Peer 1: 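Got a structure for you, questions after.
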There are 2 protein chains.
Amino acid sequence: MKIPKPTVKRLAVYYRCLDNMLNEGKTYVSSKELAERLKIKSSQVRKDLSYFGEFGKRGVGYNVKNLIAELKKIIGIDRRWRVVVVGAGNIGRAITNYPGLYKNRFDVIAVFDSDPAKIGLSAGVAGPVKPMSDLKEVVSSKKVEIGVIAVPAEAAQDVAEQLVDAGVKGIVNFAPVTIDVSPEIVVEDVDITVSFKTLAYHLRKYGKNR
Amino acid sequence: MKIPKPTVKRLAVYYRCLDNMLNEGKTYVSSKELAERLKIKSSQVRKDLSYFGEFGKRGVGYNVKNLIAELKKIIGIDRRWRVVVVGAGNIGRAITNYPGLYKNRFDVIAVFDSDPAKIGLSAGVAGPVKPMSDLKEVVSSKKVEIGVIAVPAEAAQDVAEQLVDAGVKGIVNFAPVTIDVSPEIVVEDVDITVSFKTLAYHLRKYGKNR
DNA sequence: TAGATTGTTAATCGATTAACAATC
DNA sequence: TAGATTGTTAATCGATTAACAATC
């Protein structure tokens, strides 16, 4: 069955929300409660989940722990993923040491940079920064599936090609350019400034109406 | 006229792409070229722009410089915005020192943290980390419009309330919880792990088909 | 049983796309 | 003029929502 793209994004949101609810001590939750917390409709929640199976009990709701476990399987985080980061600048280092990534089962196992001055500097959890010449060896020997591009726009395409050549299957691209790779590689683009710009757009609009 | 939400997001994408094209020395661009670069349809580009005016010349295309200027006005970045960051951890520091933010006309003017051990440490471009007790004074005296939440989930709601109380009009929330503020405050949620999870979902799916 | 909530259908709503007259 | 590309309409496609029978 074809899954709507927005549904896939929301699965991660449900997972996060349920995790918070579990911490609050909730054992059961209804689609209504979940929807209210996320400011969406309860029928949306039920529809999204229904693409993947029947996880609730009529009249009762969903068992929080159980639904979390099911979502882990659906999202693909019932296992750990190995990640390398290219670029030891602000973004690269923040990603590498972001506890939320490890918590969500992504292990950054190495950080690379082309700047000789940065090689050997500590990159926190991922040990010292490694030279680009080590990339291929590390990716293949450690069976790394995901590469993160955290370099300036000019270098992004070249880094993308090196990552693909080294053998990663997916790329998270923080560089502000569209990269061009073969279609079997999954690419997720993240532009940190987009949310600020969207905010500016809405703030401006509100201002105009006053 | 009602503007589709996806259109607003794409405006920022067009802006970024045109900026890259300008750097490549392009003076005119057609909707076809822009669309190919972004892997969308040319009619989508034209439709999106048509909500805001007529910016092209039939038979010729769009003047790159001119379209950039128009998009700046539409998005709301024909002026600079003042930003404060709360949380001097990995994410807070990366946001503060991210050159792309400054380039896109967002000025981080101060960083705050509740941890006494972090007060006074350098936060790069924004000077030393300030205590939360200074937040209200700084926001009002410097006329700050945007607040960034870069604290752990548990502290996010409290920080959101302090930011609103201090007078910000919009919030970019990096904490992995939905925050609850009065509806005239514009909130953009950013979850860094979502793109990794979406990647995991697609990688898993591809694997299954093999 | 009575009350609650699921899973699913069908209707509605919103976004994308093709097509083409207008016009540079 | 001939060729190209816009701006816009109308058709299509996809996502959300309301409604309700099923059932815990």
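Order of the sequence lines sets the chain letters (A, B, ...), proteins ahead of strands, with each chain counted from 1. Just so it is clear, the model here is predicted, and its values are computed rather than measured.
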Peer 1: Would you be so kind as to tabulate the donor-acceptor pairs closer than 3.5 Å made by side chains of residues 62-70 of chain B, with sequence neighbours excluded?
Peer 2:
from     : atom 1 : to       : atom 2 : distance (Å)
Asn63(B) : OD1    : Lys65(B) : N      : 3.1
Asn63(B) : OD1    : Asn66(B) : N      : 2.8

Peer 1: Please collect all ring-ring contact (aromatic ring centres under 6.0 Å, His included) contacts where either partner lies in residues 166-199 of chain A, sequence neighbours excluded, each pair once.
Peer 2: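 Checked against ring-ring contact (aromatic ring centres under 6.0 Å, His included) - neighbours excluded - the pairs reaching residues 166-199 of chain A are Phe196(A)-Phe106(B).
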Peer 1: Count the heavy atoms of every other residue, nucleotide or ligand shown that sit under 6.0 Å from OH of Tyr102(B), and state whether that count exceeds 12.
Peer 2: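 Counting neighbours around OH of Tyr102(B), 12 or fewer heavy atoms of other residues, nucleotides or ligands fall under 6.0 Å, so no.
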Peer 1: Tell me, which pairs form a salt bridge (Lys or Arg N to Asp or Glu O under 4.0 Å) where one or both residues lie in residues 99-112 of chain A, sequence neighbours left out?
Peer 2: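 Salt bridge (Lys or Arg N to Asp or Glu O under 4.0 Å) check on residues 99-112 of chain A returns Arg80(A)-Asp107(A).
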Peer 1: What is the first contacted nucleotide of DNA chain C and what is the last, in 5' to 3' order, if contact means an atom lying under 4.0 angstrom from a heavy atom of chain A?
Peer 2: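 The protein-touched segment is dA4(C) to dT9(C).
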Peer 1: For residues 45-58 of chain B, which residue pairs pass the salt bridge (Lys or Arg N to Asp or Glu O under 4.0 Å) check, not counting sequence neighbours?
Peer 2: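 Output for this query lists Arg10(B)-Asp48(B).
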Peer 1: Can you run through DNA chain C from 5' to 3' and write each base as (, ), [, ], | or . depending on how it pairs? Watson-Crick or G-U wobble, both distances under 3.5 Å.
Peer 2: ..||||||||||||||||||||||
Peer 1: Does Ile171(B) reach the side chain of Val164(B), with side-chain heavy atoms less than 4.5 Å apart?
Peer 2: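 Ile171(B) vs Val164(B): side chains touch.
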Peer 1: Of the residues in residues 44-61 of chain A, which ones touch DNA chain D at a heavy-atom distance under 4.0 Å?
Peer 2: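 Of all residues in residues 44-61 of chain A, the ones placing a heavy atom under 4.0 Å from DNA chain D are Gln44(A), Arg46(A), Lys47(A), Lys57(A), Arg58(A), Gly59(A).
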Peer 1: With sequence neighbours left out, which residue pairs that include part of residues 137-153 of chain A fulfil the salt bridge (Lys or Arg N to Asp or Glu O under 4.0 Å) condition?
Peer 2: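 The answer is Arg79(A)-Glu145(A), Arg82(A)-Glu145(A).
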Peer 1: Using side chain to side chain donor-acceptor pair (under 3.5 Å) as the criterion, list what pairs up with Lys32(B), not counting sequence neighbours.
Peer 2: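 Lys32(B): no side chain to side chain donor-acceptor pair (under 3.5 Å) contacts found.
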Peer 1: Can you name the residues that form a salt bridge (charged side-chain N to carboxylate O under 4.0 Å, His left out) with Lys136(A), not counting sequence neighbours?
Peer 2: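 With neighbours one apart ignored, the set is Asp165(A).
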Peer 1: By the side-chain hydrogen bond (donor to acceptor under 3.5 Å, both in side chains) test, which pairs, at least two apart or in different chains, include something from residues 152-161 of chain A?
Peer 2: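 For residues 152-161 of chain A: Gln157(A)-Glu161(A), Asp158(A)-Gln162(A).
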Peer 1: Under 4.5 Å between any side-chain heavy atoms of Ile74(B) and Tyr51(B), yes or no?
Peer 2: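 Sidechains of Tyr51(B) and Ile74(B): no contact.
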Peer 1: Got a sec? Which of residues 6-31 of chain A come in under 4.0 Å of DNA chain D, heavy atoms?
Peer 2: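 Pro6(A), Arg10(A) - these, ordered by number, are the residues of the stretch whose heavy atoms sit under 4.0 Å from the strand.
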Peer 1: Just one of Ile95(B), Ile91(B), Ile149(B), Val172(B) clears the side chain to side chain contact (heavy atoms under 4.5 Å, CB included) bar with Val85(B), so which one?
Peer 2: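 Going through Ile95(B), Ile91(B), Ile149(B), Val172(B) one by one, the side chain to side chain contact (heavy atoms under 4.5 Å, CB included) with Val85(B) is satisfied by Ile95(B) alone.
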